S.K.: 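Just passing along the structure, written as structure tokens.
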Amino acid sequence: MSVCEFKPGLEGIPAAQSSISFVNGQEGILEYRGIRIEDLAENSTFLETAYLLIWGKLPTKDELIEFEHEVRYHRRIKYRIRDMMKSFPESGHPMDALQASAAALGLFYSRRDLDNPVYIRDAVVRLLATIPTMVAAFQLMRKGNDPVRPRDDLDYSANFLYMLSEREPDPLMARIFDVCLTLHAEHTMNASTFSARVTASTLTDPYAVVASAVGTLGGPLHGGANEEVIGMLEEIGSVENVRPYLEDRLQRKAKIMGFGHRVYKVKDPRATILQKLAEQLFEKFGYDKYYDIAVELEHAIAEKLGQKGIYPNVDFYSGLVYRKMGIPTDLFTPVFAIARVAGWLAHWKEQIAENRIFRPTQVYTGHHDVSYTPVEQR
Ligand code: COA
């Protein structure tokens, strides 16, 4: 392909060689290191999956115990980071708070000893362990409360839900949350992962890598979509209003949040799993009328846009699941980030193992040989 063949959004252009995950968008297949997402959702845990993504193989029992132990005992954040977070405006978006806090870790640990496996392991453990603590701490502090100390007797997901609400979560809820993290842990060369790899390719520290990826994840065309799904379901308000709402949106050529994907042209396999998890939650903890609206919207869009390959993506049902867990809407994307840190770190490790700095080209569309006009003549 000639370098001048410009593809907006780099659509279809490989940006890296990677053995971390695989998507078949026509058949709706997602694999992490060759293992189907359905298999991992059913049988693995988020931390085990993170290990798989980052180190390329499932851990042995002893390796898993050691890894879980290390993550468990690195959950606390430095008081100086907590103090810094206290000065953030309460009205600020939690994704911005997370980006700033993740970047601040680099102030304490940025030795950039990238050839040292111990440095890599420490950074992986610290980021996986502290990102949930930072998300929960900002949530409590913006309400004027002190952050809750992590509980070492609770596993990864139960501890996060505990830190958010100061109540030990129901085991089914904690397990479902853990599956949600597994589903969001990695997804090939999406925008935030690309951003992580570009930053990694400069050989900067992993905290800068994660901070830049968090910034990229925050946009409404990426991780921010699940927040907007809830707003949309509230706006629709009733099952009867689904089709008129859809007609109106389509006439105005507006996108329907939680639908469509650059790669999947069928229903995202993660959406299928999330829908089942939503049903389990509603069965145990009570029905949610927005679920009926969501299902009706899915049917209506399949009729209208199915031929274009527009089906629910991962963000469509995840918001309903998080809402039922009592997670505030503007924490949905930070929760996505908690999960995706695993994928970003896997890509960081893969990028630096065989690095070449990203330096693409551009198609210049400006002028040449323009002479400078002094300000008084303009
Ligand atoms: N609602 C309505 N129409 C949609 C749509 C949606 N959510 N997503 C795509 N389309 C339509 C486009 O209008 C376009 O139609 P056209 O060919 O008649 O102009 C066609 O499908 C192709 O869309 P395009 O935006 O070029 O696809 P993309 O691959 O660039 O976009 C997304 C992928 C995810 C950015 C896009 O589907 C979207 O914006 N979805 C909503 C946001 C969202 O849920 N994001 C989370 C992604 S996991």
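Every number for a ligand or one of its atoms is a count from 1 in the order of the listing. Computed from a predicted model, the values in this text were never measured in an experiment.
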S.K.: Would you please classify the geometry between the Phe67 ring and the Trp55 ring as parallel, tilted or perpendicular, with 30° and 60° separating the classes?
M.R.: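 It falls in the perpendicular class, over 60°.
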S.K.: Relative to atom 21 (O) of ligand 1, which among Leu246, Leu221, Ile310 owns the nearest non-hydrogen atom?
M.R.: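 Looking at heavy atoms only, the winner is Ile310.
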S.K.: Looking at atom 26 (O) of ligand 1, tell me if a protein heavy atom falls under 4.0 Å from it.
M.R.: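 Not a single protein heavy atom is under 4.0 Å away.
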S.K.: State whether the side chain of Tyr109 and the backbone N or O of Arg112 hold a donor-acceptor pair below 3.5 Å, judged by distance alone.
M.R.: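 Side chain of Tyr109 to backbone of Arg112: no pair is present.
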S.K.: Just to verify, what does Val198 make a side chain to side chain contact (heavy atoms under 4.5 Å, CB included) with, not counting sequence neighbours?
M.R.: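 So Val198 forms a side chain to side chain contact (heavy atoms under 4.5 Å, CB included) with Phe194, Phe358.
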S.K.: Ignoring hydrogens, tell whether any protein atom lies closer than 4.0 Å to atom 40 (N) of ligand 1; use the non-hydrogen atoms only.
M.R.: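 Protein heavy atoms within 4.0 Å of atom 40 (N) of ligand 1 - there is at least one.
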S.K.: Which heavy atom of the protein is the closest neighbour of atom 42 (C) of ligand 1, given with residue, atom name and distance?
M.R.: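 The closest heavy atom on the protein side is Met257 SD, 3.6 Å.
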S.K.: Between His187, Lys265, Lys255, which one has a non-hydrogen atom sitting closest to atom 38 (C) of ligand 1?
M.R.: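 The residue whose heavy atom sits nearest atom 38 (C) of ligand 1 is Lys255.
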S.K.: Do Arg197 and Glu350 have side chains that get closer than 4.5 Å, going by heavy atoms?
M.R.: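 Side chain of Arg197 against side chain of Glu350, heavy atoms only: contact under 4.5 Å found.
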S.K.: Less than 4.0 Å is my threshold; does some heavy atom of His222 fall inside it relative to ligand 1?
M.R.: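 Yes, His222 has heavy atoms under 4.0 Å from ligand 1.
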S.K.: Any idea which of Pro312, Gly260, Ser318 brings a heavy atom closest to atom 37 (O) of ligand 1?
M.R.: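 That would be Gly260.
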S.K.: Kindly write out the residues that satisfy side chain to side chain contact (heavy atoms under 4.5 Å, CB included) with Asn355, not counting sequence neighbours, or none if the list is empty.
M.R.: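 Checked Asn355 against side chain to side chain contact (heavy atoms under 4.5 Å, CB included); matches are Ser201, Leu203, Gln351.
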S.K.: If we ignore hydrogens and angles and just use 3.5 Å, is the side chain of Glu90 paired with the main-chain N or O of Lys143 as donor and acceptor?
M.R.: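 Absent.
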S.K.: Mark whether atom 5 (C) of ligand 1 lies under 4.0 angstrom from at least one protein heavy atom.
M.R.: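 Given the 4.0 Å cut-off, atom 5 (C) of ligand 1 counts as touching protein heavy atoms.
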